[in-house]
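Since the model is a prediction, treat every value here as computed from it, not as a measurement. Lettering of chains follows the sequences in order, A, B, ..., and the numbering in each one begins at 1.
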Amino acid sequence: MYPELQGDLLEEFLLNVEEFGHVKARWIYRQEVLKMIRPSIVKALKKTTNSTFFGMLQINIKLAFRSLLKQKLYTAINIGGLAMSIAVSTLILLYVQSETTYDSYHPNKDRLYRLAVDRTYPDHVSQYARTPVSMAEQAAIDFPEIETYSKIFLNNGGVNVTYDNETFLENNFIAADRNFFEVFGVNLINGKRNEVFSVQNAAILSENAAVRYFGDDDPIGKILRSDLGDLIVTGVAENTPKNTHFKFDVMVDFEILDLGYLQKPNFLNFGVFNYLLLKEGVDVDVVNKKFDQLVENYAAGEIERRLRMSFADYKASGNGYNYYLQPVQDIHLNSHLEGEFQVNGNLTYIYIFSAIAVFIIILAVVNFINLATARSTERAKEVGIRKVMGSLKKQLVGQFLAESIFVTVSSTIIGLVAAYLLLPTFNNFADKTIIFQDFISLSTLVLFGLFAVLLGLFAGLYPAFFLSSFQPVAILKGRIIRGKKGQWIRNGLVVFQFLISIVLVCSTLIVGQQMKYMQNRNLGFDRENVIVLQRTAGIKDLETFKTEVKRIPGVSSIGGSSALPGSSELFFGSAFQVTGATESISLNCMVVEDEFLHTMNMNLTSGRFFSKDFEDSLSLILNESAARSLGIMNDPIGQLVMNNQDSGNPEGDKVYRVVGVVKDFNYKSLHNEITPLVIFNNERYLSGSLANLVIKADIRESSNIIRSVENLWLAQAPDQTLIYSFLDQNLSQLYATEKKSGDLFLVFTGIAILIACIGLFGLATFVIGSRVKEIAVRKVLGASTKRVLILLMHDFNRLVLIAIILSVPLVIWFMSGWLEGFAYRIQIGQTWTSFIAGGLIALAIAWVTVSYHSIKAALANPVKNLRSE
Amino acid sequence: MKGTHLGEFQEIVLLTIMVLNENAYGVSIKREIKSRADRAISRGALHTALSRMEDKGLIKSWQGEANKERGGMPKRYYEVTNKGIAALKDAKDIRDQLWNEVPKLRLQHNYA
């Protein structure tokens, strides 16, 4: 500190002692000194001292920069590899972050749960995301732990909404309880929370929908025409966030819906999404345990009334309801039930991707270590000279660490920039809308900085100590560094890299095999050349429409049905009982027209299809599973089956005759087993419910056919949207998550291989570089170029082979877990081709990478390498 | 004019130095300000202001004699340079001008 400042302080202190006394004077003095800590004074302080630490750091950075510039290829490989892996890992991080933050926007997200059910049938278990209307309501009354509840109903197949002669099919059309805006974290932009449901036919639009219908006009009070009648817009809500398990564009009051049996108070029909908000501090398990009692109290009576059997007997025959609560934030990653809002994400993939991100970084670090040690021969002289000039080992370590930190920091910067630039492409690819700016904050930047420095320290540690431990005398004498000591580390690192690459390659190939298997599996019906029209219930004269469609050239047949393969939520449940049997079982049902089964080209095992020649209003066709469940597998045809009065059959008990058994076909996705199915004829049963038409047609003519269909549709149902699709595409949509993940897998695999190759390239430089003289001697003594080449390749083959052998059990372990998610899958034994292909790919890549150095070394003129000894 | 704008604190310090005439050093400046403006400032803040103004050439300083009372530490005396006086004058002129132009109306209005 300046002497005059010290003097002033002291003088003032003495004056203060006189004025205020010793104690206060000291206190003032201390404060004064503390207040001295300000830039103008401290800066002046620094000028007077000279820190060797900062000085050395400056020099180290300068030296690092110079030595990196000297070896441009090496630097490019190093920084490029690391930057690439950081970019990829950042993208994965963003992806994982966006996947794991689903539904975190609800105000009471920690207490909000969705009710789900495991429905046990005598021969299988179905898991449903939708539960009966009265469950949540009754639970809120009976359980003191529940604060409130809210229901959401999703109209599958969408609702047509018209304004100003423009019709949109709203697929995200939901009906909700009036407390929706209190329970869920969606905010109203326009309209008041307690008023939006004040009129009966109120509709609340999302921002997007409001703009779609009204543009810049004020939507409040406008009237929309819809399939459900006129709706008055009372509010506009902000768009549901991207990462939510449900979204909506139009919302109406649950009470105005006319859903018939699904909406009437009941405890049996899985129709709505029930959400429960628990009171604070309540343990979910306590609530979960209470649902059994709820079923016993309310659902049991309903079952007994409908089926005329005691609930105890019903349970004894293998039926059961196991209700449980799902934390709302877990739904996206952990819930894969039937009847979800949308295809949810998969936690396994999150783990896999995170692991890949870590591995890719490790691979790049391994490269760094490998390349740094590989260059030790070149840098040995430098180290020797430095040591002779008096460098301490500590200083050399510092220099090498500075170099590696410089590399990692610049790679991190490049990597982040690359990730930013690649994000739009990645969003497109992974079907996400991640915004980079959301992710970048001061804390993440600091974390990345810290990460870069730590990475540099970690990656630089081994090379730094390895290089700085050379004996100067030995180096300067010209002895070649053999580096036998570090051999196992370097080889181990390469094996590790190849292990990961091979595991990724094999896994990708197996994923591909399974996807192909699913695409080619005989599902029990034709999926090619089938055009599907949805929402055909709006057509006024269906018969005429069908006859006219049939006349279109290229169309061979057409048939209607209530549900389609792949749309599992459209199959309804109903209870059946073989006459004479005491127990009744619930089976999935669909209603079809005479021509449907023929159009889909399904196979009969016995009996006949529905036909115009017969009166089929009281006929049934079963699938094989259903015949088995009913216990009439041996002699099904002509059996009488009673359809008990229940939700699917409100008309009362009715006896049907089984006229045919159809071979089991996959009407759900291949994740699930085929479950029993009963097929009604539309001649009598629920004749209005044929919502879909399938058209068997020549797919080459599809554009013409669709144009003709469109015209016919327009004439018949002008205010209905025509929705057509191709059955095979609909079905592959069921595996969209797998497809997407498979594609991502492929990209990551490619990058991992690339990075592994860089590592191998580095190793080849080192190994062959240290054997130049040996090769020269061999050639002088008469070895052919080929012979030398084989010798050099041998080492690398060995490493790759070890990696292949180690990878096999890993892949088997990984992939059998993945395959278990499919009820219909390839056996792991069938995947041997993938292993061979994966191994060969790894070997081939290794050869190509190494060949550059090997061939160069083998072709070199031995004289050149032996001349200077 | 750039660079010679005076901060309010700087202005007070400059004036105080001029008032103290020959005897302007750390403690005396600080005490004078305390007694006249009833403003307790820390020695550190004063140092910052002084060294900045010295950098700008508004004041100059010299080291005084070593003094036993002060534990053998010398005093640093300050004096306002001509440039400093000019800057002070500028500041005063600007204020006077502004005061002159404040409309009388407003005063009347306030009293009305």
Do [Y] and [X] meet the salt-bridge criterion of a basic N to acidic O distance under 4.0 Å?
X       : Y       : answer
B:Glu11 : B:Arg95 : yes
B:Lys89 : B:Asp93 : no
B:Arg39 : B:Glu8  : yes

Which of B:Leu20, B:Ile17, B:Ile33 passes side chain to side chain contact (heavy atoms under 4.5 Å, CB included) with B:Ser28? It is B:Leu20

Quick check on B:Ile41 against chain A: is it the side chain, the backbone, both or neither that has a heavy atom closer than 4.5 Å? backbone

Would you mind telling me which of A:Asp8, A:Leu10, A:Leu15 has the largest number of heavy-atom pairs within less than 4.5 Å of chain B? A:Asp8

What part of A:Glu12 is in contact with chain B, defined as an atom under 4.5 angstrom from a non-hydrogen atom: side chain, backbone, both or neither?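 A:Glu12 touches chain B through backbone and side-chain heavy atoms alike.
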
